[in-house]
Amino acid sequence: MSVTRREFLAISGALGAGLAMSSLGLNMGPAKAYAAELKIDKMKTAKQSTTICSYCAVGCGLICSTDTKAKKIINIEGDPDHPTNEGALCAKGASLFQTTDNNANRLKKVLYRAPGSDKWQEKSWDWAINEIAKKVKAVRDASFIEKNAKGETVNRLEAIAHIGSAALDNEELWPLQAMMRSLGLVYIEHQARI
Amino acid sequence: MADGYSIIMDTSKCTACRGCQIACKQWNQLPGTETKNTGTHENPPDLSFSTYKVVRFSEGKNGDGKPFWYFFSEQCRHCMSPGCMAAVEKEEIVQDDNTGAVLFTPKTKTLDFKATLEGCPYNVPRQDPKTKELAKCTMCFDRITNEKVPACVKSCPTGALVFGDRDKMLEATKKRVDELKKSYPKAAAINPDDVRVIYIVTDDPKKYFKYAEGK
Amino acid sequence: MTNHWVDLRNSDCILVMGSNAAANHPISMKWVQKAKDNGGKLISVDPRFTQTSAKADFYAPLRSGTDIAFLGGMIKYIADNNKFFKEYVVDYTNASFVVDEKFDFSDGLFSGYDKEKRAYDKATWAFKKDDKGMIERDETLQNPKCVFQLMKKHYSRYTPEKVSEITGTPVPDLLKVYEMYSETGTKDKAGTIMYAMGWTQHTVGVQNIRTMSMIQLLLGNIGIAGGGVNALRGESNVQGSTDQAILFHLLPGYLRAPMAAQQTLKDYHAPVPKTSDPRSVNWWSNYPKYSVSLLKAFWGDAGTPENEFGFGWLPKLDAGQNCSWLNLFDEMYNGKIKGFFAWGQNPACSGANSNKVRQGLAKLDWLVNVNIFDNETGSFWKAPGVDPKKIKTEVFMLPCASSVEKEGSITNSGRLAQWRYKASDPPGQAKPDGDIAVELMNKLRELYKKGGKFPDPILKLKWDYTDEKGHFDPHRVAKQINGYFLKDMEVGGKQFKKGDLVPAFPMLQADGSTSCGNWVYCASYTNEGNMMARRDKDDPTGLGLYSKWAWCWPVNRLILYNRASVDRNGQPWNPKRALIQWKDGKWVGDIPDGPAPPLSDEKAGKYPFIMTAEGFGRLYGPGLADGPFPEHYEPLECPIPNNLMSSQYNNPTIKIFKGEMDKHLTCDPRFPFVGTTYRVTEHWQTGCMTRWQPRLVEAEPQMFVEMSEELAELRGIKNGDKVKVSSPRGEVGCVAMVTTRFRPFQVGGVTVHQVGMPWCFGWVAPKDGGDSANLLTPTVGDPNTMIPESKAFMVNVTKA
């Protein structure tokens with residue numbers, strides 16, 4: 001992957017790279033401006049990686065800047081080299097940064113809600129995967145349909161359904177459908193149907 | 001670069017995707033504030049200390065009974081002779097010689113906000129109620145002095161926002177207005193000689209936004 | 001999309017109908033604007049004056065659910081005024097095909113209708129064939145039984161006056177649109193259509209799109225730069241998830257899900273389309289190569305010729321069994337489904353008739369909800385008005401990685417598969433979906449090793465998609481999707497070693513010597529590397545194809561049916577936008593739809609529409625559930641007592657759900673207004689990601705309903721008032737947006753009001769945000785796709 005920077009202005013004359021606010025004798029003191037200044041400086045040493053927008057299917061390109069020390073994403077903006085959007089983004093795309101762990105609302109823990117309970121409990125992955133697998137097996141073993149009314153072999157499972165997802169990567173979807181079909185699921189659906 | 005930069009805001013190309021409004025907040029790390037729907041898509045309702053750019057929506061009926069819907073991405077015009085600087089004594093507000101950007105410094109907390117606001121023909125400056133500092137669009141000063149176009153301009157898909165050397169932007173403005181005049185006799189640029197952020201409209205500016213051409 | 005986003009700029013006339021591209025696919029407007037800058041025209045047809053309409057050269061309103069009437073009128077206009085592209089129509093469409101004598105259409109019904117079954121026997125819809133099985137053709141298009149004449153006759157009823165009476169579009173507006181758009185029926189002009197859920201979410205959804213496809217064929221707009229039929233897909237990888245068959249009726253690569261009657265692989269292959277015409281490529285005749293290679297990808301070495309490559313391990317559907325979305329939730333509501341995975345989806349807000357969906361969730365034993373934010377599905381048990389104590393469903397909420405926290409490809413609406421990279425770790429315990437799937441399957445395999453019902457498919461599934469550290473490895477899957485040679489072999493004069501990646505799907509085999517997880521993706525990841533990660537911006541045609549940027553299926557062909565962009569001699573209709581050209585005995589330009597010479601080569605020349613058995617574009621489509629020609633029917637819930645086109649009120653082949661949650665009311669004074677749904681730029685789908693982002697919520701904070709000034713006056717509603725919108729199925733609180741952008745329609749002499757609401761809100765977040773418009777929408781679907789009719793239903797609006 002190579003990222004070029006066509007968006008950068010062709011600058012001539014005295015105003016060149018590196019002329020920061022401080023050199024104009026400005027003390028851009030508010031916390032925001034200070035942070036912003038840090039941001040532009042941090043971006044110069046950040047790791048840049050390309051991504052494709054997670055929203056509609058225009059498939060706009062974006063560039064993530066990840067702070068190499070903190071390993072945190074510090075900025076996301078349009079990829080000027082991308083032939084479809086040439087750096088442009090709509091409101092959602094311009095806000096992709098707010099889907100990262102910079103957003104305190106992200107789910108960060110495995111949660112479980114017991115029958116009749118009015119709250120979530122935090123659980124470990126091991127526990128959850130184990131429980132879900134046991135439940136899948138219990139339903140499958142109890143409800144598996146080997147033959148239909150006509151006596152034809154159908155080897156299917158109608159008591160478990162799966163929906164999703166157009167938000168996953170192709171490489172995740174393929175094994176996911178293979179897994180669900182190997183279990184015998186026929187209720188396999190997703191956003192494309194709505 | 002004696003002339004600095006300018007931004008064209010060509011309303012005839014704006015689709016109100018609001019990429020600019022959000023990109024501004026995302027770059028400048030400004031928070032989203034709590035809002036309500038008051039019967040319009042226009043939100044937040046106004047510029048504020050944490051909002052430097054708002055897309056204004058304006059609708060109505062034309063003579064033929066068909067609707068119109070205009071979009072106007074409002075921001076500081078970065079005036080050539082900034083009215084907001086009238087009361088400035090100690091570089092509370094500065095105008096950068098190279099870029100032409102009009103910048104509010106933390107010293108603005110000592111300024112008379114009311115006077116500063118009155119001095120602005122476009123009703124742009126806003127005050128932080130806590131710190132009393134004033135704030136508005138910086139023309140993404142940190143970006144334009146680091147070889148990047150302003151965040152709003154970069155996000156714009158249709159070329160409604162364009163950034164560049166002022167002489168080139170004036171030229172492009174004239175060309176676009178001439179072109180638009182063929183279909184829209186009222187097409188015009190708003191005060192291009194006085195401001196760095198030049199709005200192009202195809203109808204009476206007042207139909208876009210109350211302060212489109214000034215108070 | 002048959003074409004792609006950048007290609008919009010090559011268009012002379014862009015019709016946006018059934019979509020609001022400016023709001024929902026904002027970046028598409030970059031290329032629409034470019035087309036406009038080049039002198040192209042933009043037309044917007046929509047019940048509401050939208051952001052797209054605001055940029056259009058011409059806007060025409062129409063009542064929701066009447067698109068076939070609108071477009072049927074355009075077909076009549078094109079035929080009556082000789083606006084069609086004659087050479088294209090004769091050479092490349094089935095206009096000249098002669099249809100069976102018994103085919104008939106009368107008063108809204110085609111021949112073969114069975115009222116009991118609500119279905120057609122399509123036998124009489126077939127083409128007339130000679131002894132050799134060749135379809136009879138009349139290239140003069142004069143035979144009264146030829147498709148062209150039947151089509152003319154069918155749409156002769158769609159006069160501007162009749163259409164206007166149905167759609168509510170003023171006659172001059174109709175004529176203006178017809179005139180502007182049909183100007184593209186010449187060699188040097190391209191017209192395109194941008195549609196989305198505004199066309200699919202109807203009980204006549206497929207036929208909406210077919211009507212426009214017919215127009216595109218008549219005008220010679222398919223296969224050319226700046227043309228095509230372009231579905232603007234709404235999710236970043238909904239194209240990919242469709243390709244990978246996260247749908248009950250498919251297997252990856254648009255192969256069919258096996259049926260119970262197909263007990264052997266031979267039975268399964270029996271319905272493969274056949275043709276007697278040597279000039280038809282009939283690409284689907286390659287089906288067994290793709291299906292066997294897919295089975296090899298599923299089961300690996302465990303799939304052998306002896307066990308039919310593991311065909312028996314795949315689940316089989318009963319005849320007529322439809323497991324699509326609406327039926328799924330119907331079964332769930334009826335208590336038949338015990339366990340449910342909602343993976344990266346929020347059906348509690350996205351499902352039509354969401355109250356039914358939400359109640360269905362309460363009947364489950366367990367629910368696994370995988371997402372990056374909390375949503376209304378995972379938290380349904382604590383929704384307002386729900387008593388958690390009464391909900392027995394166990395819920396697992398699994399936190400997954402966001403799009404920038406993992407690596408892999410997604411496929412955009414233009415079929416472009418693009419690789420994206422990991423920029424940071426996911427927060428907390430969150431994991432990529434791929435890892436969650438791998439870990440769950442590993443555990444299941446562990447359990448089934450100790451025994452259980454029919455363990456073979458679970459234990460035999462090829463499941464080696466992890467790296468050395470045991471983490472999900474997208475590259476391994478990408479290669480599996482592309483396909484491998486499974487032994488040393490020679491294909492087409494080239495030597496391949498066992499383990500080589502297959503360079504392209506023509507090399508796939510039906511004997512088990514190749515594997516391929518999805519034949520349409522074959523060539524995406526080859527021995528030369530990951531094609532989906534390419535970033536080269538070469539554009540030799542100057543048409544914006546960028547063929548070396550990422551990778552487009554099939555075989556990197558950017559514009560489908562491109563063989564129709566040239567005349568019989570292989571020369572471009574429009575040399576200024578030459579997509580491909582036959583030059584010195586070979587094709588130059590984009591990758592052609594097959595290497596065969598153009599039609600003028602009497603021996604080797606092939607018809608351009610290679611995916612149809614006949615090789616021709618289908619003006620007449622004998623395969624659909626509801627008729628070979630699109631016909632106007634009213635939505636299941638509609639504001640007028642009669643279909644003004646025939647005495648067949650609704651689409652005669654739709655399934656009517658009759659459960660207690662499925663009330664439908666037409667012309668009921670309690671629900672007098674047409675309702676429709678849509679989205680806003682700032683929120684994505686149900687908003688389950690965007691409603692957690694303060695900057696987006698700031699811009700669109702609350703559920704609203706848009707209505708005309710006339711309707712507001714009628715109901716005493718002022719702009720900004722709190723109102724209640726209700727349907728026979730539910731109600732939702734909204735802020736009233738009284739606007740000039742909605743206007744009442746005059747339909748059959750009656751004033752019809754329409755209102756519109758977004759479905760991007762939900763009770764979980766933000767506070768006071770409101771809830772989804774899908775609480776109002778009906779459980780009824782298109783008979784071909786079962787996509788719900790969320791775009792036209794009946795509601796009431798009252799002050800709250």
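Side-chain atoms are counted along with the backbone in the values below, which use heavy atoms only and exclude waters and symmetry mates.
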[X] portion near chain A, given a 4.5 angstrom heavy-atom threshold:
X: C:Q685; result: neither
X: C:A297; result: both
X: C:I481; result: side chain
X: C:E682; result: both
X: C:F472; result: side chain
X: C:Q239; result: neither
X: C:M197; result: side chain
X: C:M1; result: neither
X: C:L326; result: neither
X: C:I246; result: both

(request) Considering only NZ, NE, NH1 and NH2 on the basic side and carboxylate oxygens on the acidic side, decide whether C:K30 and A:E86 come within less than 4.0 Å. (result)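 Yes, charged N to carboxylate O under 4.0 Å.
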(request) In plain terms, say whether C:D318 and A:K150 are close enough for a salt bridge, that is, a side-chain N and a carboxylate O under 4.0 Å apart. (result)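 No, no charged N to carboxylate O under 4.0 Å.
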Heavy-atom pair count under 4.5 Å with chain C, highest-scoring of [options]:
options: A:S124, A:C64, A:G184, A:A178; value: A:A178
options: A:S165, A:A161, A:P175, A:C53; value: A:A161
options: A:L111, A:D101, A:L185, A:N130; value: A:L111
options: A:A149, A:P115, A:A88; value: A:P115
options: A:N103, A:I132, A:V139; value: A:I132

Between [X] and [Y], which heavy-atom pair has the shortest distance, and what is it?
X: A:V186; Y: C:P315; answer: CG1-CB, 4.0 Å
X: A:R113; Y: C:P388; answer: NH2-O, 2.8 Å
X: A:Q191; Y: C:G344; answer: NE2-O, 3.1 Å
X: C:L398; Y: A:A128; answer: CD2-CB, 4.2 Å
X: A:S54; Y: C:W684; answer: O-CZ2, 3.8 Å
X: C:P427; Y: A:R106; answer: CD-NH2, 3.3 Å

(message) Ignoring hydrogens and geometry beyond distance, is a side-chain donor-acceptor pair present between A:E158 and C:Q321 at under 3.5 Å?
(response) yes
(message) Let's go through A:I160 and C:W366 carefully: what are the C-alpha distance in whole Å and the side-chain angles of both, what is the deciding distance for side-chain contact (heavy atoms from CB on, under 4.5 Å) to 0.1 Å, and is it a yes or a no?
(response) CA-CA 10 Å; A:I160 298 179; C:W366 50 267; 3.9 Å; yes
Go through the atoms of [X] and report whether side chain, backbone, both or neither lie under 4.5 Å from a heavy atom of chain C.
X: A:K47; result: side chain
X: A:S117; result: backbone
X: A:K119; result: backbone
X: A:E146; result: side chain
X: A:I145; result: neither

(request) Please test C:C323 against A:E189 for side-chain contact (heavy atoms from CB on, under 4.5 Å), starting from the C-alpha separation and ending with a verdict. (result) CA-CA 8 Å; C:C323 299; A:E189 286 280 290; 5.9 Å; no
(message) As an exercise: rank C:A437, C:G428, C:A260 by heavy-atom pairs under 4.5 Å with chain A and give me the winner.
(response) C:A260
(message) Is it the case that the side chain of A:R140 and the backbone of C:K453 share a donor-acceptor pair, with hydrogens and angles ignored and the cut-off at 3.5 Å?
(response) yes
(message) Are A:H190 and C:W343 an aromatic pair, judged by ring center distance below 6.0 Å?
(response) no
(request) Run the numbers on A:L168 and C:Q244 for side-chain contact (heavy atoms from CB on, under 4.5 Å), then give the verdict. (result) CA-CA 11 Å; A:L168 269 59; C:Q244 312 308 342; over 6 Å; no
(request) Fit a plane to each ring of C:F298 and A:W174, take the angle between them on a 0 to 90° scale, and name the class: parallel (under 30°), tilted (30 to 60°) or perpendicular (over 60°). (result)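 Rings of C:F298 and A:W174: tilted, 30 to 60°.
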(message) Ring-plane angle category for C:F396 and A:Y112, please: parallel below 30°, perpendicular beyond 60°, tilted otherwise.
(response)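 C:F396 and A:Y112: tilted rings.
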(message) Side chains of C:W419 and A:E171, heavy atoms from C-beta outward: is any pair under 4.5 Å?
(response) yes
(request) Evaluate the criterion side-chain contact (heavy atoms from CB on, under 4.5 Å) for residue pair C:K338 and A:K135; output intermediate values, then yes/no. (result) CA-CA 10 Å; C:K338 304 294 173 200; A:K135 287 180 193 306; over 6 Å; no
(request) Applying side chain to side chain donor-acceptor pair (under 3.5 Å) between A:N170 and each of C:N518, C:D243, C:N237, report the one that passes. (result)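 Only one option passes, and that is C:N237.
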